[in-house]
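Atoms considered below: every heavy atom in the structure, side chains included; atoms not considered: hydrogens, waters and symmetry mates.
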Amino acid sequence: MKSIRRKILSAFSGVGLFLSACSDSTLPEYPKLGPLRVLALTANTPEVTAAGAVTLTPLISDVDGAGRTLAWTTEACMDPGVSVGATPSCESALDRVIVGGAGAGSAVVGASANAWTATLPAITVNVPVAFATAFSLLPTVNQFNGVAYIVVFRITATNGDSVTAFKRIVLTTRTAGDVNTNPTFTDILADGATLAALPTAKTSLSASFSGMQGSYPALRNDGSSTTLTEEATITWFFSDGEYERFRTTSTLTTNEWTPPTSAPAGRGVVVVGVIRDGRGGDAAIVRAL
């Protein structure tokens, strides 16, 4: 089967991504790593029941940057209404908070072996008491289904390349057993075995994971209860080679990948899988080959 090469722009549940300085009408293949990217922005607790600290871990890829220093900043505010089309920005928000400390800094991401694809230090964001107080005044349905506090993360290279991503942290009155947690991404498999070295031929990739909650409760607008279902979606990223698709699910579980015959000069090959549960929980694995 020929590789599917689609020119797409994708929006994720729970994390969004903006690309700046896009002057060329021809967009790159979404799964192909190269330009500066934010692949995931993982919160240790994607849903919370009270004000308090949440840590976020950005997963960054900068293959084409080849070891340049990147700088980043983080800010947070009440969700302006991203789910109904508002721009995910805190710039004009009255409750805007500039996250200091680990929320800002600079570093070289990764190394040549992992094609400069790695996580940055965790960022601590405090969901403020004022937000929780305003939340308590909302209708019961809104409180139960959850209201989001957004974190906006911007990373910039010295030449001006810049990417902005955001994460929604949901405050809810669901009971502890129904509050969302991240799935666990345990392994990337190649023809059923751990992907540990560059394959010599086309291989069938799949994801091994656990921790999906399955069903969870929600309220309709009239206050009646219903049950919704999580759906595991794995998004795939490749620094090299040819691939069949960019996303797999619980029903479409495998992705054919034809690797390069050898790693490029000066760096390794990376394959990244990011699993999302459709309600803000996610996890990622980076395989350096």
Side-chain angles (χ1 to χ4, degrees), residues 3-6 8 10 12 15 17 19-22 27-42 57-72 105-122 153-165 185 187-190 193-207 234-248 255-275 282-289:
S3 300
I4 297 176
R5 295 175 175 244
R6 296 177 180 173
I8 62 174
S10 178
F12 296 117
V15 62
L17 184 64
L19 304 180
S20 64
C22 188
L27 296 174
E29 299 173 46
Y30 183 74
K32 184 71 76 173
L33 298 178
L36 179 62
R37 303 278 293 272
V38 179
L39 304 183
L41 193 56
T42 301
T57 302
L59 173 58
I60 308 299
S61 181
D62 191 31
V63 177
D64 291 348
R68 61 185 172 177
T69 300
L70 302 171
W72 63 91
S106 62
V108 175
V109 177
S112 59
N114 59 13
W116 298 280
T117 300
T119 57
L120 290 180
F153 173 81
R154 182 179 179 84
I155 188 162
T156 305
T158 52
N159 70 343
D161 289 348
S162 181
V163 177
T164 300
F185 202 154
D187 205 359
I188 292 177
L189 305 177
T194 295
L195 178 63
L198 190 65
T200 58
K202 179 185 289 188
T203 186
S204 179
L205 299 180
S206 60
I234 296 90
T235 305
W236 298 92
F237 300 95
F238 306 88
S239 63
D240 303 274
E242 301 292 331
Y243 44 84
E244 183 181 25
R245 54 180 60 92
F246 77 98
R247 188 166 291 162
T248 56
N255 190 6
E256 299 298 317
W257 176 50
T258 303
T261 54
S262 61
R267 68 164 174 85
V269 172
V270 292
V271 175
V272 180
V274 180
I275 183 172
D282 59 55
I285 288 183
V286 177
R287 287 283 183 255
L289 309 172

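Distance check: Thr248 OG1 to Ile234 CD1 gives 4.0 Å after rounding to the nearest 0.5 Å. Taking CG of Leu198 as the start and OG of Ser262 as the end, the distance is 8.0 Å to the nearest 0.5 Å. How far CG of Leu41 is from CG of Leu120: 10.0 Å, rounded to the nearest 0.5 Å. To the nearest 0.5 angstrom, Tyr30 atom OH is 6.5 Å from Arg247 atom CZ. Atom CD1 in Ile155 sits 4.5 Å away from atom CG in Leu70 (nearest 0.5 Å). Rounded to the nearest 0.5 Å, atoms CH2 (Trp116) and OG (Ser239) are 10.5 Å apart.
Using a 4.5 Å heavy-atom threshold, the side chains of Thr200 and Pro259 count as separate.
For the ring pair (Phe, Tyr, Trp, His ring centres under 6.0 Å) test, no residue two or more places apart in sequence or in another chain qualifies with Phe185. For Thr69, the side chain to side chain donor-acceptor pair (under 3.5 Å) criterion is met by no residue, not counting sequence neighbours. Annotation: ring pair (Phe, Tyr, Trp, His ring centres under 6.0 Å) contacts of Trp257 (sequence neighbours excluded): Phe238. Looking at residues two or more places apart in sequence or on another chain, you find no side chain to side chain donor-acceptor pair (under 3.5 Å) involving Asn255. Under the side chain to side chain donor-acceptor pair (under 3.5 Å) criterion, Thr194 pairs with Asp187, sequence neighbours left out. Every residue two or more places apart in sequence or in another chain was checked for a side chain to side chain donor-acceptor pair (under 3.5 Å) with Ser206, and none qualifies.
Between Pro260 and Val269, the shortest heavy-atom contact is CG-CG2, 4.0 Å. Closest approach of Val274 to Ala40, counting heavy atoms only: CG1-CB, 4.1 Å. Of all heavy-atom pairs between Gly266 and Ser112, the closest is O-CB, 3.2 Å.
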Under the criterion side-chain contact (heavy atoms from CB on, under 4.5 Å), I'd like the reasoning laid out for Val271 against Leu195: C-alpha separation, chi angles, the key distance, then a yes or no. CA-CA 9 Å; Val271 175; Leu195 178 63; 4.2 Å; yes
Hey, mind stepping through Thr156 and Trp72 against side-chain hydrogen bond (donor to acceptor under 3.5 Å, both in side chains) and telling me if it holds? CA-CA 6 Å; Thr156 305; Trp72 63 91; over 6 Å; no
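A distance of 6.0 Å or more separates the ring centres of Phe246 and Phe237.
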Which atom pairs, donor and acceptor, lie under 3.5 Å between side-chain atoms of residues 57-65 and protein residues at least two apart or in another chain?
unit_1	atom_1	unit_2	atom_2	d
Ser61	OG	Thr117	OG1	2.8
Asp62	OD1	Arg68	NE	3.4
Asp62	OD1	Arg68	NH2	2.9
Asp62	OD2	Arg68	NE	2.8

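The salt bridge (Lys or Arg N to Asp or Glu O under 4.0 Å) pairs that include a residue from residues 260-270 are Asp240-Arg267, where partners are two or more places apart or lie in different chains.
Between the side chain of Thr258 and the backbone N or O of Lys202, no donor-acceptor pair lies under 3.5 Å.
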